[in-house]
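Numbers restart at 1 for each chain; the letters A, B, ... are given by sequence-line order, proteins then strands. Side chains included, hydrogens not; waters and symmetry mates left out as well; all remaining heavy atoms used.
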Amino acid sequence: MPRLLSRRTFLLTGAAIGGTALVAAVGGVGYLATVDVEGLLGFVDGDHAALNAFVTIGEDGRVVVNVPRTEMGQGIHTGLAMVVAEELDIPFDDRISVVFPTEPLPAYANWFNVLGVRPEYASGPAVWLGRRILGQLGFISTGASGSTMAMWHPMRVAGAAARQMLLAAGAARMGVPADQLTTVEGFVRHEASGRAFSYGELAREAAVLPPPQNPSFKPESEWRLIGRSQPRVDLPAKVRGEPVFGIDVTLPNMLHAAIVHAPVFGAMVAGIRNLAMVRAEPGVLDVVVINDRQVAVVASTWWQADFATRQLDIEWTPTDADDVDSAVMTGRLEAGLAGEAPHTYLDEGDVEAVFAGGAGPVVEAQYAAPFLAHACMEPMNATVLIRSDGTAEAWVPTQSPIAVRQGVQRGAGWADVQVGSVTCNVTMNGGAFGRRSDQDVVAQAAFLAARHRGRPIKVIWSREEDIGRGLFRSQAAAQLRIALGRDGQPLAYDALVAAQSAMQSIASRNLPFTPSPDGDMLTAEGLDKGHYTIPSRRLRSKNVPSHMPIGFWRSNGFSFNTFFTESFVDECAHATGTDPLAYRRALLRDSPRHLAVLNRVAEMAAWDTPMPPVRGRGVAIEDCYRSVVAQVVEVSVVADGELRVDRVFCAIDVGMVINPDAVIAQMEGGIIFGLTTALMSSITLEAGAVQESNFHDFPMLRIADSPEIIVDIIRSDEPPGGAGEPGIVPVAAALANAIYDATGRRLRSLPLAITQTTGERRTRRVLPAA
Amino acid sequence: MVRFIVNGMSADIDVPNDKPLLWALRDELGLLGPKYGCGVAQCGACRVLIDGVSTPSCVTPCADAEGTSIVTVEGLAGPDGALSIVQQAWIDEQVPQCGFCQPGFLVAATALLERVPEPTDADIDASITNICRCGTYPRIRRAIHRAAASRARS
Ligand code: FES
Ligand code: FES
């Protein structure tokens, strides 16, 4: 019997564990089976009918798709809307719009990233429990290249279930059995009589029907959207300058704040020498110390707030890190590599015995990579309103609404204000790269909002605060060795990386507990080389803490470890006089998926044709985010060491592809991001303080330096893999390998080149002196 | 008091003379298309056309814009809302990722094509100096060539 649920009832039932039982009761199925229909209960709200947590249809036939993942340029709103449109059987046009839902329904939780289980294969009580807990917490996040893997199946179910409910509503209207009906282009049709009703006409009746337990999917052979490039839903607004990014949020009565952080992390504010003067600056309403550690200026406009912060003369407390410069950090990492008691991730075969046995030559090398900033194009910002009744609302370009809720509570707590419910509006996002998973900025905004209750406060960090005073990828170093057999192939591989645990640093800021740094996969990922056939392997890490706050950073451990390991594999190839491609082919003898990707990129780059003098090419491959990606970089190195990257070829097996053009765009963008990192990015320390502050000293690749990029997606029967991060992963190693090919010089430390400015924003990149 | 024309409308705003044009456009006129990315003329996210010249508005004091005609990304489309040739090329090549830098690129590309109707790759390298952290450069290059070709046809 159809029941009309009010929106309120739906939210309560949808949010409570009991709601699952209610769905189960309606569907008449067992308790555990309801895992698969989470979020599928519908309701009617005015002229809109929510057929489930993901699909709302208006009377006019317009479809709103709820995508509970942040659009940060990767095209996820388009890809997941395509999946819904495919199953719902509607054209992919401007009648579809996508929103990030404000309600943290359990169906939106990112349990895939936590449990590592693909929804299409999830079953059993452990997964059920994990899902319930993460669902209740409202654990919604975007990251780890996981959104397609996490959501494509649930949203496919949502689209198919909605279609089936529309068919049932059509059957009731027409008084014919549903199996005599078809759907076409947003209509339910009865072929025999020629009668048809639009989805808009049927939606309200459909929304109150019990959701089907196992809606049948459209067979792959009938897919019209999945696997065919569709235009991004967010681009028409983006070329008009219309989207409201976090930095653009404008609310009545809003105040603006700029922040100054300590030059040395960990320092506290000892005093503000010119407080009275800064308070008297035009537009300034409040100058206040946040949590002992930062100074905020609140003003009528951000320009005034920013201007005033630059006048501040702050005395900071001394810290233990005041004598730490980059050389000290490098020394600590080297000591970490030489020191005692690293954590062992994997010890397979008897590595020590192979090396001790002295059977063949040993190749050994040490590699290094610097601290890095994220430098998202949209500077860090958050807007928070705390009302007099204790409720709060936030507008943040966040990757993590749950971090926003916690950040609001925390920041308000610094002002001794208790906050009740927090509504999180996820805005358009100007690049994130892991940076926007943290609570830091939102907590600052909440503290200020608690002091100015009833008025929204928008905090924006200046670019200088963003690059020099935010979060970083750890500096890292590695000691690698390989014992070679008679055929030149590795017998034993021993990898030790020293870096600061990202997980521990992230947890110390965001979680009530701090995990051990040992076993942090964000440190070790990319060391594994499990796709290479090597009889004995040992992987170890050493946590080397520093005063620097570490955050998620696009591809995390892969961003340094793959540079280390794939450069090192090249060294082994050259040590045995083998072509680096042929060497890897032999190593991939037991990994056909990887070998196919390698072969494809070699073919694209015409690897077998010789390069002219002064030019070189290098290859690298990695298995990451359940995708396999290989790249060939071509460089020219002319007489005075000037380096140009000419072309990059990229082959990727990303499993089943939803929107191929979006994957290509991610590879292109990832390659540019990776080249910036490999060629010119370095965060350095002097007297404990980061020296870089803006794009003049933390430069980015520009169009003039941007190589031609050729991407090919390999047809694959694997389930979908990630695409947001793989593109950047092999670039640095492929580039270093190309430089070796061109010059015979092995560069083991990032960045690989030195940037010289030669005029207004014109730069050249030269290799460091030998 | 500063007067100029923005996107065809005259504006009369009461701001300090040294307030950067970027913040005047955003705060006083609600034109949020031009973005703050660096504040020091490095990234180009804030670029607007001032009398047809692509200019970083973050370092242009309002006083310098007195009496000029300014076009922001919001003013690139026709009065009927039709996308400009450059905007259409941006859609056709599916250029933007996060989109935050794109207002500045659209402005810079529009100015380039006015000056050099059929730019070579070298022309593009020399005049498009904006930063895109998402790495949309290959598509920007293609879109500029595409826009040049459509202009030649129209
Ligand atoms: S904000 Fe003006 S150039 Fe960057
Ligand atoms: S599209 Fe994101 S910075 Fe350019």
So which of [options] has the biggest tally of heavy-atom pairs under 4.5 Å with chain B?
| options | value |
| --- | --- |
| E464(A), R554(A), H374(A), E242(A) | H374(A) |
| T250(A), L701(A), T676(A) | L701(A) |
| E668(A), M72(A), M428(A) | E668(A) |
| A665(A), A432(A), S462(A), G241(A) | A665(A) |
| S300(A), G431(A), P231(A) | P231(A) |

Next item on the list: With a 4.5 Å cut-off on heavy-atom pairs, point out which of G33(B), G81(B), P103(B), G37(B) contacts chain A the most.
Entry: G37(B)
Item checked: Options Q87(B), Q102(B), Q88(B), ranked by heavy-atom pairs under 4.5 Å with chain A, top entry -> Q87(B)
Chain A contact via [X] - side chain, backbone, both or neither, heavy atoms under 4.5 Å:
| X | value |
| --- | --- |
| P34(B) | neither |
| Y36(B) | both |
| L31(B) | neither |
| I131(B) | both |

Under 4.5 Å from a heavy atom of chain B, the part of [X] involved:
| X | value |
| --- | --- |
| F307(A) | neither |
| I247(A) | both |
| P243(A) | backbone |
| D661(A) | both |
| P699(A) | neither |
| I728(A) | neither |
| H256(A) | neither |

Note to self: Can a donor-acceptor pair be found, under 3.5 Å and without considering hydrogens, that links the side chain of R133(B) to the backbone of M700(A)?
What the structure shows: no
Next item on the list: Answer yes or no: is there a donor N or O on one side and an acceptor on the other, between the side chain of R141(B) and the main chain of I703(A), under 3.5 Å?
Entry: yes
Quick one: [atom1] on [X] to [atom2] on [Y], what's the gap to the nearest 0.5 Å?
| X | Y | atom1 | atom2 | result |
| --- | --- | --- | --- | --- |
| L235(A) | E93(B) | CG | CD | 12.0 Å |
| Q94(B) | S229(A) | CD | OG | 8.5 Å |
| W23(B) | D306(A) | CH2 | CG | 7.5 Å |
| W303(A) | D27(B) | CH2 | CG | 9.5 Å |
| L32(B) | F245(A) | CG | CZ | 11.0 Å |
| M377(A) | C134(B) | CE | SG | 9.0 Å |

How far apart are the closest heavy atoms of [X] and [Y], and which atoms are they?
| X | Y | value |
| --- | --- | --- |
| R232(A) | Q97(B) | NH2-O, 3.0 Å |
| R26(B) | D248(A) | NH2-OD1, 2.8 Å |
| P138(B) | I709(A) | CG-CD1, 4.0 Å |
| N694(A) | C38(B) | ND2-O, 3.1 Å |
| P96(B) | V239(A) | CG-CG1, 4.2 Å |
| G430(A) | F100(B) | CA-CB, 3.9 Å |

Note to self: Do R702(A) and Y137(B) form a cation-pi contact, if we require the NZ or CZ to be under 6.0 Å from the six-membered ring centre and within 45 degrees of the ring's axis?
What the structure shows: no
Next item on the list: Evaluate the side chain to side chain contact (heavy atoms under 4.5 Å, CB included) criterion for residues K238(A) and V95(B): first the C-alpha distance (whole Å), next the side-chain angles of each, then the deciding distance (0.1 Å), finally the verdict.
Entry: CA-CA 10 Å; K238(A) 281 179 175 173; V95(B) 172; over 6 Å; no
Check: Is atom CE of M1(B) surrounded by more than 12 heavy atoms (other residues, nucleotides or ligands) closer than 6.0 Å?
Finding: yes
Next item on the list: Taking atom CD of E118(B) as the centre, report whether more than 12 heavy atoms of other residues, nucleotides or ligands fall under 6.0 Å from it.
Entry: no
Margin query: Before you tell me yes or no, could you show the steps for K19(B) and T301(A) under side chain to side chain contact (heavy atoms under 4.5 Å, CB included), namely the whole-Å CA-CA distance, both residues' side-chain angles and the distance that decides it to 0.1 Å?
Written below: CA-CA 11 Å; K19(B) 180 161 185 168; T301(A) 66; 4.1 Å; yes
